[in-house]
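Basis for what follows: all heavy atoms, side chains included, without hydrogens, waters or symmetry-related copies. Whatever order the structure lists them in is the order used to number ligands and atoms, beginning at 1. Bear in mind that the values here come from a model prediction, so they are computed numbers and not experimental data.
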Amino acid sequence: MKVTDRETIPFNRTHISPNELDYLAEAVCRRSTCGDGPFTRQASELLEKITQAGRALLTTSCTHALEMSAILLALQAGDEVIMPSFTFMSMANAYALRGVVPVFVDCRPDTLNMDERLIEAAITDRTRAVVVMHYAGVACEMEAIGELCERYGLALVEDNAHGLGGAYRGRPLGSFGSMATQSFHATKNVQCGEGGALLLNDADLVARAEIIREKGTDRSRFFRRQVDKYRWVDIGSSYLPSDVLAAQLTAQLESFGTIQARRHAVWRRYHDELADWGAVNGVAQPTVPDGCAHPAHLYYLLLPDLVNRQELIAHLSKRDVQAVFHYQPLHSAPAGVRYGRVAPEGCPVTEEVADRLVRLPLFADLTEADVDHVINAVQTYEVN
Ligand SMILES: *Cc1c(COP(=O)(O)O)cnc(C)c1O
């Protein structure tokens, strides 16, 4: 079946930054590995610098940061939150857990971001918030979305799992919403296996966020000696990562510049060297509108149809290249149907692109020879 004898180029492989093993050893040898230690502080500060967020709280995952956002918005069962159908299920799940109804809006055919022109029609008197996700780290139309939220008095949350280091008109992604969430899952640009963060741009949210993250207690204030004992004061859960994970994350964030330079180099080669092949075969490449600086989180191609998408993945697999697809639309997923509602226009674009999209390997440690091989393998596929 295989047509080469090289090792498979994986879809993703984690990068090990220069200080990573030393910091891990340091965290372990400190013999105090619980959350909110010195590395947690360092990682949070680095994150605040990159995103210009008012405050960054490390969490155990982006999923958990989204759950915190749902609690912080003080939503009631039956309230509605507008979000894209073309995204990771954690966004909808976090709100469904609170009895809130996710209302799924279609995506734009160019950036695959939630189509801002369709949001207004999805607003009802139960709508409380709009949650955006910057697909591939290419910003949503934040000016239009921000204005809409202001006009209707809706909260704005950014799921910025793809967008760390990206910007919209010069302003970092993650700084637009009252809250934004990050992921440090192994597949993200900066990673610690499993991890995340909640970015808080509204200072009024910080005190309650600290409590929610600490099992509903005022332990953060206790550690700062602002109260003499800590007590159960609100609902919450255990959303703090160990300082060992924060050590790994600190090293990764210190290497952010290097990681990004390498990812951008790979992204740029795919984009330039597959342009002719794409034009001849009717395969679309990513669109990056003016004013959007993306962080090379992923590289995708849009094939003409599902059959060609599946055949390209099989073709690449035979040539030892692991390519993958995502996302399965949320509005038609079993839980999406049970817990959510689809916006009036439906999600025809989401349904179509979900069938046509393929992602190529993209990680900092890809060699030039690996990239040559991937490009070659794609170019030998003929769309039919
Ligand atoms: C990866 C990802 C998540 C989930 O991140 P975890 O840290 O694994 O919970 C959520 N949303 C988007 C858009 C993602 O890409």
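Listed by number with element, the atoms of ligand 1 under 4.0 angstrom from any heavy atom of C62 are 4 (C), 5 (O), 6 (P), 7 (O), 9 (O), 10 (C).
Under a 4.0 Å heavy-atom criterion, Y327 is in contact with ligand 1. Using a 4.0 angstrom heavy-atom cutoff, G195 counts as in contact with ligand 1. Ligand 1 does not have M91 within reach: every non-hydrogen atom of the residue lies 4.0 Å or more from it.
Of the charged side-chain nitrogens involved, at least one lies within less than 4.0 Å of a carboxylate oxygen, so that R269 and E368 count as a salt-bridged pair. The pair E120-R151 counts as a salt bridge, with a side-chain nitrogen and a carboxylate oxygen less than 4.0 angstrom apart. Ionic pairing of R262 and D365 is present here: one or more N-O contacts between side-chain nitrogen and carboxylate oxygen are shorter than 4.0 angstrom. Salt bridge annotation for D305-R356: absent, with no cationic side-chain nitrogen under 4.0 angstrom from a carboxylate oxygen.
When heavy-atom distances to ligand 1 are checked against a 4.0 Å cut-off, Y135 has no atom that comes that close, whether in backbone or side chain.
The aromatic rings of H294 and H264 lie tilted to each other, with the angle between the two planes from 30° to 60°. Taking the six-membered ring where tryptophan is involved, the planes of Y381 and H315 are perpendicular, since the angle between them exceeds 60° and thus also 30°.
The nearest heavy-atom contact from the protein to atom 2 (C) of ligand 1 is K188 NZ, 3.0 Å. In terms of protein heavy atoms, atom 15 (O) of ligand 1 is closest to H162 NE2, 3.0 Å. Here the heavy atom of the protein found nearest to atom 11 (N) of ligand 1 is D159 OD2, 2.7 Å. Residue, atom and distance of the protein heavy atom nearest to atom 3 (C) of ligand 1 are F88 CD2, 3.4 Å. Among all protein heavy atoms, the one lying closest to atom 14 (C) of ligand 1 is A161 CB, 3.3 Å.
The closest donor-acceptor contact from the side chain of S85 to the backbone of H331 lies under 3.5 Å.
Taking distance alone, with nitrogen or oxygen atoms compared against 3.5 Å, T63 approaches ligand 1 more closely than that limit. Distances between N or O atoms of T87 and those of ligand 1 include no value under 3.5 Å. Inclusion of F184 in the set of residues having an N or O under 3.5 Å from an N or O of ligand 1 is not warranted.
Annotation: cation-pi pair R309/F325 present, NZ/CZ under 6.0 Å from the ring centroid and within 45° of its normal.
The residue from K215, R213, E214, E67 that alone fulfils the side chain to side chain donor-acceptor pair (under 3.5 Å) condition with Y239 is E67.
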